[in-house]
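Here is the structure we will look at.
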Amino acid sequence: MSAVIKLKTLQGHLQDLNGFTKPKVQFEQYETPAHIAAVALYTIQTQYGSLQDKLVLDAGCGPGILSIGAVMMGAASVTAIDIDRDALEVLQENIDDLDINNIDTLLCDFLDEKTCRWENYFDTVLMNPPFGTKNNTGIDMRFLQMGLRCTCNSVYSLHKSTTRSHIEKKIKEWGVKGNVIAELRYDLPATYKFHRKQSQDIAVDLWRVYHSDS
């Protein structure tokens, strides 16, 4: 399976995108670094062919680095959803700047049963879910579970490597399959007032989770 553009070219485009103007701690808003987004998307396409000509959902899209990267990798259409209007406004700026016409943005809570009714609709679900701080414990697994409901194939999701054994246990409980397809390093810059270090190096796994019959 071939890539539509080269990895270095993809990363270069993604580095130029606008990010969060004022990240909101209640939503655990951290920008997905361009190198992580690029490697993730490149791997997803070249190893599994899960972007080119596919219907893609970006759950908790933020400013849209995964959405826009998916389009650059040949996605037929992307639905980008987020709970934060400000984040979607930044995404729309990025879409307008690049003159992209196949990303639909939607303001809603991805975890709300009333608004999320895409049973098995999307070919591919992308997400960099909240890691799950003490105020949001378990939200990363709720994102993953909802993503599985929305796809007829696979969810590709970024998680801290320290949660690997927990995810393996959950996948078994849910009766689905999954594996880590890339190990990455997330250089997290100080984003909020309570961050004492200038940056923090975090090991991150890119997971592919899919239904047994996919």
Side-chain angles (χ1 to χ4, degrees), residues 1-5 7 10 13-14 17 32 36-84 87-88 90-129 140-159 171 174-179 181-182 206-214:
M1 284 163 263
S2 61
V4 179
I5 59 175
L7 175 59
L10 176 63
H13 286 312
L14 298 182
L17 297 177
T32 307
I36 283 188
V39 170
L41 294 164
Y42 193 84
T43 302
I44 290 165
Q45 173 55 31
T46 57
Q47 299 299 314
Y48 301 97
S50 292
L51 293 174
Q52 192 171 8
D53 301 323
K54 304 296 185 186
L55 293 178
V56 176
L57 171 67
D58 183 1
C61 62
I65 193 167
L66 294 178
S67 296
I68 290 170
V71 167
M72 290 177 176
M73 294 301 286
S77 72
V78 177
T79 299
I81 69 173
D82 203 279
I83 199 170
D84 180 30
L88 289 179
V90 178
L91 169 54
Q92 192 60 54
E93 288 172 14
N94 286 326
I95 290 170
D96 293 343
D97 288 345
L98 293 166
D99 198 23
I100 293 170
N101 58 17
N102 58 342
I103 297 178
D104 293 317
T105 63
L106 183 62
L107 179 69
C108 75
D109 180 354
F110 179 60
L111 300 179
D112 188 339
E113 298 280 343
K114 294 174 186 173
T115 56
C116 192
R117 293 181 179 175
W118 294 299
E119 296 285 336
N120 306 321
Y121 180 74
F122 296 94
D123 298 306
T124 302
V125 175
L126 305 173
M127 60 175 72
N128 182 11
D140 52 342
M141 293 300 97
R142 289 167 62 207
F143 259 78
L144 197 52
Q145 215 169 3
M146 185 63 86
L148 281 163
R149 285 179 54 179
C150 294
T151 183
C152 58
N153 197 304
S154 301
V155 178
Y156 295 90
S157 187
L158 291 160
H159 298 269
I171 286 171
W174 299 338
V176 296
K177 294 182 178 179
N179 56 293
I181 61 172
L206 173 62
W207 278 87
R208 176 180 182 241
V209 183
Y210 54 99
H211 300 287
S212 301
D213 54 357
S214 297

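Since the structure is predicted, the reported quantities are computational estimates derived from the model, not experimental observations.
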message = Under the criterion side-chain contact (heavy atoms from CB on, under 4.5 Å), I'd like the reasoning laid out for Tyr210 against Val176: C-alpha separation, chi angles, the key distance, then a yes or no.
response = CA-CA 6 Å; Tyr210 54 99; Val176 296; over 6 Å; no

ask   = Any side-chain heavy atom of Phe110 sitting closer than 4.5 Å to one from Cys150?
value = yes

task = Examine distances only and state if a side-chain atom of Asp53 and a backbone atom of Ala76 form a donor-acceptor pair shorter than 3.5 Å.
result = no

query = For Ser157, what residues pass the side chain to side chain donor-acceptor pair (under 3.5 Å) criterion, not counting sequence neighbours?
reply = His159

query = Which residues pass the side chain to side chain contact (heavy atoms under 4.5 Å, CB included) test with Ala40, sequence neighbours left out?
reply = Leu206

ask   = Who pairs with Tyr48 by side chain to side chain contact (heavy atoms under 4.5 Å, CB included), at least two apart in sequence or on another chain?
value = Ser50, Tyr156, Asn179, Ile181, Arg208

ask   = Is the closest side-chain heavy-atom distance between Leu126 and Ile44 below 4.5 Å?
value = yes

key: Which residues share a side chain to side chain donor-acceptor pair (under 3.5 Å) with Asn94, sequence neighbours left out   = Asn18

message = Once side chain to side chain donor-acceptor pair (under 3.5 Å) is applied, what residue pairs with a partner in residues 61-75 remain, sequence neighbours excluded?
response = Asp58-Ser67

message = My understanding is that only residues two or more places apart in sequence, or in another chain, count here; which of them pass side chain to side chain contact (heavy atoms under 4.5 Å, CB included) with Val39?
response = Leu7, Thr43, Leu184

task = Find out whether Leu55 and Thr79 are in side-chain contact, i.e. whether some heavy atom of one side chain is under 4.5 Å from a heavy atom of the other.
result = no

query = Under a 4.5 Å cut-off applied to non-hydrogen side-chain atoms, are Val209 and Leu148 in contact?
reply = yes

ask   = Is any side-chain heavy atom of Leu51 less than 4.5 Å from a side-chain heavy atom of Val56?
value = yes

Residue list, side chain to side chain donor-acceptor pair (under 3.5 Å) with Gln92, at least two apart or on another chain = Asp96

ask   = Can you name the nearest heavy-atom pair linking Pro63 to Val90, along with the distance?
value = CB-CG1, 3.8 Å

ask   = Is any side-chain heavy atom of Arg149 closer than 4.5 Å to a side-chain heavy atom of Glu119?
value = yes

Qualifying residues under side chain to side chain contact (heavy atoms under 4.5 Å, CB included), relative to Asn102, sequence neighbours excluded = Val71, Ile100

query = What do the steps show when you test Met72 against Leu98 for side-chain contact (heavy atoms from CB on, under 4.5 Å), and what is the final call?
reply = CA-CA 11 Å; Met72 290 177 176; Leu98 293 166; 4.0 Å; yes

ask   = Taking side chain as C-beta onward, heavy atoms only, is Asp123 less than 4.5 Å from Cys152?
value = yes

